[in-house]
Amino acid sequence: MDLAHERTQMVDRQLARRGVRDGHVLEAMREVPREAFVPEGLQEFAYLDTALPIEAGQTISQPYIVGLMIEAAHVRPGDQVLEIGAGSGYAAAVMSRIAERVYGVERHELLARLAAERLERLGYDNVEVRTGDGTKGWPEAAPFDAILVAAGGPAIPQILKDQLTIGGRLVMPVGESQREQQLVKVTRVDATRFKEEDLGGVMFVPLIGEHGWTDDARARRPTEPRSFEPAPAPSIAGLIRAAAEPLPALDDPAFGVLFDRFADARVVLLGEASHGTSEFYRARAAITRRLIEQHGFTIVAVEADWPDAASLDRYVRHRPAPAHAEPPFRRFPTWMWRNTEVEAFIEWLRGWNLQRPAEDRAGFYGLDLYNLSASIRAVLDYLDRVDPDAAEVARQRYACLMPWAKDPQAYGRMALTRGYGGCEEAVVKTLSDMLEKQLEYVAQDPESFLDGAANARLVKNAEAYYRAMYYRAPESWNQRDTHMFETLCALLDAKRPPAKAVVWAHNSHIGDASKTEMGAVRDELNIGQLCRERFGRDAALIGFGTDTGTVACASDWDAPIEIKLVNPSRPDSYERLAHDSGIDRFLLDLREGVHQPLRDRLIEPRLERFIGVIYRPEAERWSHYSACILPQQFDAYVWFDKTSAVTPLPTRLHKGAEETYPFGL
Ligand code: SAH
């Protein structure tokens with residue numbers, strides 16, 4: 001085993017990626033062999049992201065915690081440093097590579113002796129370790145530029161603060177319970193004043209001594225965990241590692257097989273954690289392919305506008321293109337559907353359908369409602385063909401919306417500011433008239449009725465969506481997701497039973513909103529939640545996630561496409577837990593009873609990252625993270641640790657180039 005290599009990796013992955021930036025700390029931790037500080041037989045585990053047991057029932061701290069504390073204490077060359085709770089001597093060794101001199105105090109004589117021997121063997125001769133009660137400090141050697149306390153006490157002893165230089169820093173876990181503490185940093189401002197900062201929650205073994213906890217208190221609590229568990233994260237990551245089912249390569253036919261367990265559902269909803277990640281598209285294509293080939297799914301319904309998706313649907317089901325179809329997906333954000341990953345799936349679907357009778361072919365449909373103008377046109381075209389009188393009436397009604405069709409947001413503004421009655425009645429009536437004549441229209445041609453009614457529904461719901469946008473954000477979101485759900489139900493109803501659908505949309509639409517901040521705080525619902533309410537266990541909600549990589553996105557709405565780097569995930573996120581499992585790509589079955597101990601641990605809400613078409617890495621916490629309960633939000637979670645941006649297809653044609661179907665390339 002190449003421990004030097006593991007050490008470098010530990011520094012990069014466990015420290016640098018989690019935000020430890022101090023060059024002195026990173027360099028010192030790249031140098032000190034942690035394996036020399038663990039008991040015989042544990043060397044091979046020296047670079048795991050966890051604390052390890054040492055002699056006397058104590059523990060050696062998790063590398064990250066060591067790095068974090070030394071960085072917080074701002075240990076600098078030339079400094080005199082005191083460590084209380086030297087334990088194995090590892091943290092003292094790291095600090096000795098930076099500071100001028102390090103003093104360590106350890107309560108257990110055996111530990112102090114072993115630490116001193118290890119340090120000597122390594123030739124680290126600027127460290128001194130002695131046995132004693134560290135809560136009293138080391139008055140003969142004071143003052144110190146930095147003091148690290150590696151065990152948790154009820155309060156910071158004044159006697160320690162008094163041993164700091166002016167400007168000196170003390171870092172210590174403080175908490176009323178002996179299990180959990182806040183990491184506190186104290187800076188000495190002058191002779192009498194001290195500044196305190198809270199660095200977040202941690203779990204350390206108790207500090208036992210005159211100015212700490214008494215030994216009796218410990219004896220009264222026999223259940224007190226003896227090992228140092230710095231945060232719940234590592235053990236959850238371990239449970240994830242055990243439960244995770246590693247996924248084969250994306251082009252391996254075995255990829256889709258792992259999802260067979262969801263094939264009995266009527267609706268399988270596949271999410272994505274961004275709108276511009278190649279792996280998410282390819283994974284969804286692989287799973288969908290399996291569901292179509294082996295399990296009778298015939299509907300692929302995606303977060304795209306109906307009329308745009310309809311162009312691709314005609315292509316994949318070998319139906320003629322409409323007379324004046326605009327090239328699809330020409331509006332922002334074009335890369336979301338106009339990319340090589342989608343193109344490859346569309347080509348596969350067309351090939352698959354070629355050998356099947358029309359009624360068995362799988363179609364590609366849009367659930368979204370932004371392309372108002374194309375839908376108005378499609379409704380009128382349809383009625384012109386089947387019912388010219390009705391077309392005339394619809395034309396007059398839609399006239400109300402026509403001035404705004406290309407800029408529906410302006411319609412929303414108008415409807416609000418001028419007390420303008422709006423076009424609600426006009427669009428509602430157009431749809432209800434059509435549905436009333438459903439039997440008659442379907443008898444003529446069921447396929448084009450489905451299309452005509454879907455467009456009329458889109459116009460009706462888009463009108464309400466844009467109107468709501470200006471006065472109540474949640475209502476407009478709900479309008480949009482309810483539209484998606486209605487469109488999905490219309491598709492399921494229109495197909496020969498038992499019709500089964502795969503849905504592709506963002507995690508924010510797919511994951512049950514009532515189990516996230518969206519529902520709990522903002523009253524927002526979504527298609528995933530509505531599917532669960534309607535179909536119960538016959539809806540499978542599958543979320544996707546990633547740690548780092550690249551993503552296709554924009555900085556603002558309507559701004560040009562950019563490829564940006566995705567920040568490593570935050571320490572307090574679900575993504576970090578998945579990353580810490582150490583498995584690059586996996587499926588995690590989150591259904592009740594499958595991996596119950598893990599599910600129980602994951603049930604505590606955490607942050608989850610949502611990247612849409614806009615990504616602002618510099619404002620990530622507030623723009624992109626939101627609290628969720630992952631195992632209730634999804635039935636399964638698909639993880640790709642490192643991901644890459646989708647490959648967009650060009651949107652502009654060369655002058656004179658012929659438009660070819662379907663992407664106009
Ligand atoms: N920094 C150490 C981690 C040690 S764990 C490392 O990297 O290995 C905390 C240590 O604090 C334990 O070894 C425990 O014995 C010691 N300890 C607890 N109370 C103490 C006290 N009052 N004085 C000195 N050491 C103490």
Side-chain angles (χ1 to χ4, degrees), residues 10 15 25 28-29 32-39 42 45-48 50-70 72-73 75 81-97 102-119 122 124 127-139 146-157 159-160 163 171-175 178-179 181 183 202-218 224-230:
M10 174 274 283
L15 298 174
V25 175
M29 291 190 63
V32 178
R34 192 172 185 246
E35 64 273 23
F37 293 85
V38 300
L42 291 184
F45 305 115
Y47 295 102
L48 289 184
T50 176
L52 293 170
I54 56 172
E55 300 77 4
Q58 300 299 315
T59 57
I60 174 172
S61 307
Q62 179 195 22
Y64 170 61
I65 290 288
V66 173
L68 181 78
M69 288 182 80
I70 301 176
V75 174
V81 180
L82 172 66
E83 188 193 18
I84 295 162
S88 68
Y90 175 68
V94 172
M95 291 191 284
S96 78
R97 302 302 87 200
V102 179
Y103 299 84
V105 191
E106 170 52 51
R107 194 176 157 250
H108 287 283
E109 196 188 340
L110 170 67
L111 293 180
R113 200 182 70 230
L114 286 171
E117 281 172 18
R118 290 167 180 146
L119 291 160
L122 287 165
Y124 295 175
V127 199
E128 190 178 332
V129 180
R130 76 174 185 194
T131 312
D133 176 4
T135 62
K136 297 187 236 167
W138 191 317
I147 301 178
L148 246 77
V149 185
I156 301 171
I159 189 170
L160 288 184
Q163 291 179 32
V171 178
M172 170 174 169
V174 182
Q178 286 192 20
R179 270 209 68 161
Q181 306 90 13
L183 196 59
V202 286
M203 288 168 90
F204 277 79
V205 292
L207 179 73
I208 295 167
E210 191 177 325
H211 304 281
W213 300 103
T214 58
D215 226 352
D216 301 353
R218 198 168 146 76
E224 191 62 30
R226 295 203 311 169
S227 68
F228 161 35
E229 218 183 304

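In listed order, ligands and their atoms are each counted from 1. We use all heavy atoms of the structure for the numbers below, so side chains are in, but hydrogens, waters and symmetry mates are not. We number each residue from 1, following the sequence as shown.
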Q: Mark up the atoms of ligand 1 that fall under 4.0 Å of a heavy atom belonging to G134, in ascending order.
A: 21 (C), 22 (N), 23 (N), 24 (C)
Q: Under the side-chain hydrogen bond (donor to acceptor under 3.5 Å, both in side chains) test, which residues partner Y124, sequence neighbours left out?
A: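 So Y124 forms no side-chain hydrogen bond (donor to acceptor under 3.5 Å, both in side chains) with any residue.
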Q: So, using salt bridge (Lys or Arg N to Asp or Glu O under 4.0 Å) as the criterion, who are the partners of E55 when residues are at least two apart?
A: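 Scan of E55 (salt bridge (Lys or Arg N to Asp or Glu O under 4.0 Å), adjacent residues dropped) gives R118.
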Q: So, does A56 sit close enough to ligand 1 that a heavy atom of it is under 4.0 Å from the ligand?
A: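 In this structure, A56 fails to qualify as a contact of ligand 1 - no heavy atom is under 4.0 Å.
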Q: Taking all heavy atoms of E83 and all of A150, pick out the closest pair and write down the distance.
A: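 It is OE2-CB, 3.8 Å.
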Q: Under a 3.5 Å distance rule, please check whether E106 uses its side chain to pair with a backbone N or O of V129 as donor and acceptor.
A: no
Q: From the options S88, G137, G212, P206, select the one whose nearest heavy atom is closest to atom 18 (C) of ligand 1.
A: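 Checking each option, the heavy atom nearest atom 18 (C) of ligand 1 is found in P206.
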Q: To the nearest 0.5 Å, what is the distance between CZ on R34 and CZ on F45?
A: 12.5 Å
Q: Is there a heavy atom of A115 sitting under 4.0 angstrom from any atom of ligand 1?
A: no
Q: Identify which of P173, P63, G85 has a heavy atom lying nearest to atom 4 (C) of ligand 1.
A: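 The nearest heavy atom belongs to G85.
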Q: Tell me whether A151 has any N or O atom under 3.5 angstrom from an N or O of ligand 1.
A: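 Among all N and O atoms of A151, none is under 3.5 Å from an N or O of ligand 1.
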Q: For atom 15 (O) of ligand 1, which of the options R34, E210, R107, E106 provides the nearest non-hydrogen atom?
A: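 Nearest option to atom 15 (O) of ligand 1, by heavy atoms: E106.
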Q: Tell me which part of I54 gets within contact of ligand 1: side chain, backbone, both or neither, using heavy atoms under 4.0 Å.
A: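 The answer is neither; I54 stays 4.0 Å or more away.
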Q: In Å, rounded to the nearest 0.5 Å, how long is the span from OG1 of T135 to CH2 of W213?
A: 13.5 Å
Q: Give the atom numbers and elements of ligand 1 that come within less than 4.0 Å of a heavy atom of H108.
A: 15 (O)
Q: Check the pair I54 / L114 against side-chain contact (heavy atoms from CB on, under 4.5 Å), numbers first and verdict last.
A: CA-CA 10 Å; I54 56 172; L114 286 171; over 6 Å; no
Q: N/O of I208 under 3.5 Å from N/O of ligand 1, yes or no?
A: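 Checking ligand 1 against I208, an N or O pair does fall under 3.5 Å apart.
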Q: For A91, counting its heavy atoms only, list the atoms of ligand 1 lying under 4.0 Å from any of them.
A: 1 (N), 7 (O)
Q: For ligand 1, which is the ligand I care about here, please tell me if E83 has any N or O atom under 3.5 Å from one of the ligand's N or O atoms.
A: yes
